[in-house]
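Just so it is clear: chains get the letters A, B, ... in the order the sequence lines come, proteins before strands, and each one is counted from 1. Keep in mind that this is a model prediction, so the values were computed, not measured.
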2 protein chains.
Amino acid sequence: MNEHVHPSADLTKNQSLVMGALTKSDGPLSAYTILDQLREHGFRAPLQVYRALDKLVEFGMVHRLESLNAFVACRHPDCDDHETIAFMICETCGLVSEISDNALANRLKLLAGETRFALKKTTIELRGICRNCQTA
Amino acid sequence: MNEHVHPSADLTKNQSLVMGALTKSDGPLSAYTILDQLREHGFRAPLQVYRALDKLVEFGMVHRLESLNAFVACRHPDCDDHETIAFMICETCGLVSEISDNALANRLKLLAGETRFALKKTTIELRGICRNCQTA
DNA sequence: CGCAATCTTGTAATGAGATAACGTCACATC
DNA sequence: GATGTGACGTTATCTCATTACAAGATTGCG
Ligand SMILES: [Zn+2]
Ligand SMILES: [Zn+2]
Ligand SMILES: [Zn+2]
Ligand SMILES: [Zn+2]
């Protein structure tokens, strides 16, 4: 049905290990943090992590956060639109939430269209303090 | 009147040199590219560049592009809103254009407000091919 | 002026993020 | 069995950014 879906059963060993590390984590992880966590499983070099991450991002299972140089497991409530996702990143607790908003996506497409800009990829990252961390 | 304005007259020597390099450039420059360009002016270490860049970004004269790890001189048509700027980055020619769109900014503020997220900084970077580069 | 506070600079070393280049192995296909 | 493909392992190297420490310059008093 959907050729983009890539169930975890199809993941290679290294990809599964990296995916597992990201899924277990509360927040985003850097490639080198993942590497350290997986040394006990035989990982020795950054490239092993980066290669797995490349695939996982390609499969849509992991997102890269440009403003953090880090990666996070997809926690989409519903994975329709992987084109225009906004991330809210709490600078206190590291919580990352994904927003897929049509109005936002349409506005961006409109703005790009006005100047005939062929949009390929959008990066939207909101930095701030999440609700929980404010009360503290 | 506006304490955020920081005219170029007030810039230090290093800040002026870095600002000059960015202004002369067509597109964004990495810190190390700037360093290389300024070696003839006495620059020896990355930190000299990064310190100047920090200030220039603080003054609102330079923007950092997170998805490129690079910096670009502000080319705002009108510098009202430095809070919510969107960048369109051509992956072919490197052209960067800034968009300050109220509808976009308001939508993001609304989305943040819905979850009581205290928004501090937004990063919006659109990657694609600009009008000129498509015809080619 | 004398002195402290602050800001800017210079320099070296190091940390953090990412890729290039090479060879090997497992597996599917013909 | 030859061949193509994709994942894997290893080393080295590259790019990006910061820490730590010392030296000058500048400002603002008392
Ligand atoms: Zn997602
Ligand atoms: Zn939080
Ligand atoms: Zn600007
Ligand atoms: Zn272009």
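- The side chain of Phe71(A) sits closest to dA18(C) out of dT11(C), dT8(C), dA18(C).
- Taking atom CG on Leu35(A) and atom P on dA16(C), their separation rounds to 13 Å, with Å as the unit.
- Between the P atom of dG9(D) and the CG atom of Leu38(A) lies a distance of 11 Å, rounded to the nearest Å.
- The distance from atom CG of Asn14(B) to atom P of dC7(C) is 17 Å, rounded to the nearest whole Å.
- Each of Tyr32(A) and Arg64(B) was matched to the nucleotide of DNA chain D holding its nearest heavy atom; the match closer to the 5' end belongs to Tyr32(A).
- Position along DNA chain D of the nearest nucleotide to Tyr50(B) versus Ala45(A) favours Ala45(A) as the more 5'-ward residue.
- In terms of phosphate contacts, Lys55(A) brings a side-chain nitrogen or oxygen within less than 4.0 Å of OP1 or OP2 of dA7(D).
- Not one side-chain nitrogen or oxygen of Ser30(B) sits closer than 4.0 Å to the OP1 or OP2 atom of dT15(D).
- Between Glu98(B) atom CD and Arg75(B) atom CZ the span is 8.5 Å, to the nearest 0.5 Å.
- Protein atom CG of Leu68(A) is 18 Å distant from nucleotide atom P of dC16(D), rounded to whole Å.
- To the nearest angstrom, P of dG17(C) lies 16 Å from CG of Asp54(A).
- Side-chain N/O atoms of Arg51(A) and base N/O atoms of dG9(D) include a donor-acceptor pair closer than 3.5 Å.
- Of the two residues near DNA chain C, Asn69(B) and Gln48(B), the one whose nearest nucleotide lies more 5' is Gln48(B).
- Between Glu66(B) atom CD and dG17(C) atom P the separation is 14 Å, expressed in whole Å.
- When each of dA17(D), dG10(C), dT19(C) is scored by its nearest atom to the side-chain atoms of Pro46(A), the top-ranked nucleotide is dT19(C).
- The separation between Phe59(A) atom CZ and dG6(D) atom P is 12 Å, rounded to whole Å.
- A straight line from CG of Asp10(B) to P of dT8(C) spans 11 Å, rounded to a whole angstrom.
- Considering only the side chain of Leu47(A), dT10(D) comes nearest among dA7(D), dT10(D), dG17(C).
- Look at Glu125(B) and Arg127(B) and you find no salt bridge, because none of the NZ, NE, NH1 or NH2 atoms lies under 4.0 Å from a carboxylate O.
- Listed by chain and number, the hydrophobic cluster partners of Leu104(B) are Met88(A), Ile99(A), Leu104(A), Leu108(A), Leu111(A), Phe117(A), Leu119(A), Ile124(A), Leu126(A), Met88(B), Ile99(B), Leu108(B), Leu111(B), Phe117(B), Leu119(B), Ile124(B), Leu126(B), where partners are ILVMFWY side chains within reach of under 4.5 Å, directly or through others.
- In this structure, CD1 on Ile129(B) lies 12.0 Å from CD1 on Ile89(B), to the nearest 0.5 angstrom.
- OP1 and OP2 of dG6(D) both lie 4.0 Å or more from every side-chain N or O belonging to Thr12(A).
- To the nearest 0.5 Å, atoms CZ (Arg131(B)) and CD (Gln134(B)) are separated by 9.0 Å.
- Nearest to the side chain of Gln15(A), among dT18(D), dA7(D), dA18(C), sits dA7(D).
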